[in-house]
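Structure, as C-alpha cells:
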Amino acid sequence: QVQLVESGGGLVQAGGSLRLSCVASGRTFSNKAMGWFRQAPGKERELVAATTWTGGSTYYTGSVKGRFTISRDNAQNTVYLQMNSLKPEDTAVYYCASDAREYWSGSVGYWGQGTQVTVSS
C-alpha cells in the first residue's frame with residue numbers, strides 16, 4: 001500500500017508560479033515511475049507530466065512543455081511539479097499518481113487526493 005499526499009496548490013494570477021509536492025509513504029517509492037495528472041471541471045483527467053523512477057527521463061503534455069518541470073527526490077519520497085507562467089487554462093485539480101512500473105506505463109497503482117490550482121486572469 002502506498003499513500004500519496006499532495007500539497008502546494010492555491011490561487012495565483014496568470015503568469016505566476018506554484019510548486020506542487022507529493023509525499024509518498026508506505027511501500028517502496030523509489031522504484032516506481034511517478035506522474036502528475038489534472039482534471040478541470042467537465043473535462044477528462046489528463047496526464048500532465050511523468051518521470052521514471054530515476055528521474056532521468058521525463059514526459060510532458062504539449063500544453064505545459066517549457067513551463068512545467070517534474071522532478072523527484074527519492075531520499076525524501078517526494079515528487080514535485082514546478083509550474084511557471086501559469087495560465088487560466090491550467091486551472092484544475094492536480095493529482096499525483098504512482099505507476100506500477102519503473103517507467104511510465106500508464107498503469108496507475110495509486111492516486112493522491114488532489115490539490116486545487118486556480119489561475120486568475
Inset, instruction - Examine distances only and state if a side-chain atom of Thr78 and a backbone atom of Gln76 form a donor-acceptor pair shorter than 3.5 Å. - result: yes

If you look only at distance, which donor and acceptor atoms sit under 3.5 Å apart when one is on a side chain in residues 54-61 and the other is two or more places apart or in another chain?
unit_1 : atom_1 : unit_2 : atom_2 : d
Thr54  : OG1    : Thr52  : OG1    : 3.4
Thr54  : OG1    : Gly56  : N      : 3.0
Tyr60  : OH     : Ile70  : N      : 2.9

Inset, instruction - State yes or no: do Trp36 and Tyr110 share one hydrophobic cluster built from I, L, V, M, F, W and Y residues joined by side-chain heavy-atom distances below 4.5 Å, directly or via other members? - result: yes

Inset, instruction - Enumerate the residue pairs fulfilling side-chain hydrogen bond (donor to acceptor under 3.5 Å, both in side chains) with a member in residues 64-73, sequence neighbours excluded, ordered by first and then second residue. - result: Arg67-Asp90, Arg72-Asn74

Inset, instruction - Look only at the side chain of Asp99 and the backbone of Ser105, and say whether a donor-acceptor pair between them is shorter than 3.5 Å. - result: yes

Inset, instruction - Report the hydrophobic cluster partners of Trp53, with the cluster defined as I, L, V, M, F, W, Y residues connected by side-chain heavy atoms closer than 4.5 angstrom, directly or transitively. - result: none

Inset, instruction - Could you go through the side-chain contact (heavy atoms from CB on, under 4.5 Å) check for Lys32 and Arg101 one step at a time? - result: CA-CA 5 Å; Lys32 303 299 184 187; Arg101 307 294 299 270; over 6 Å; no

Legend entry - Cluster overlap Leu47 with Tyr80, hydrophobic side-chain contacts below 4.5 Å: no

Scan the side chains in residues 114-121 for donor-acceptor partners under 3.5 Å anywhere in the protein, sequence neighbours excluded, and list what turns up.
unit_1 : atom_1 : unit_2 : atom_2 : d
Thr115 : OG1    : Gly9   : N      : 3.3
Gln116 : NE2    : Ala92  : O      : 3.4
Gln116 : NE2    : Thr118 : OG1    : 3.3

Inset, instruction - Would you list the pairs meeting salt bridge (Lys or Arg N to Asp or Glu O under 4.0 Å) in which at least one residue belongs to residues 43-54, sequence neighbours left out? - result: Arg38-Glu46

Inset, instruction - Treating Ile, Leu, Val, Met, Phe, Trp and Tyr as nodes and any side-chain heavy-atom pair under 4.5 angstrom as an edge, say whether Tyr95 and Val64 lie in one connected cluster. - result: no

Legend entry - Parallel, tilted or perpendicular, as decided by the 30° and 60° cut-offs, for the rings of Tyr94 and Phe68: tilted

Inset, instruction - Using atom types as modelled and distance alone, determine if a side-chain donor or acceptor of Asn31 lies under 3.5 Å from a backbone N or O of Glu102. - result: no

Inset, instruction - Calculate, to the nearest 0.5 Å, the distance between atoms CG and CD belonging to Leu81 and Glu6 respectively. - result: 11.0 Å

Inset, instruction - Walk me through it: do Ser98 and Val108 pass the test side-chain contact (heavy atoms from CB on, under 4.5 Å)? - result: CA-CA 6 Å; Ser98 171; Val108 175; 6.0 Å; no

Legend entry - Side-chain touch Leu4/Met34, heavy atoms, less than 4.5 angstrom: yes

Let me check something: any side-chain donor-acceptor pairs from residues 11-19 under 3.5 Å, sequence neighbours excluded? List them with distances.
unit_1 : atom_1 : unit_2 : atom_2 : d
Ser17  : OG     : Asn84  : OD1    : 3.0

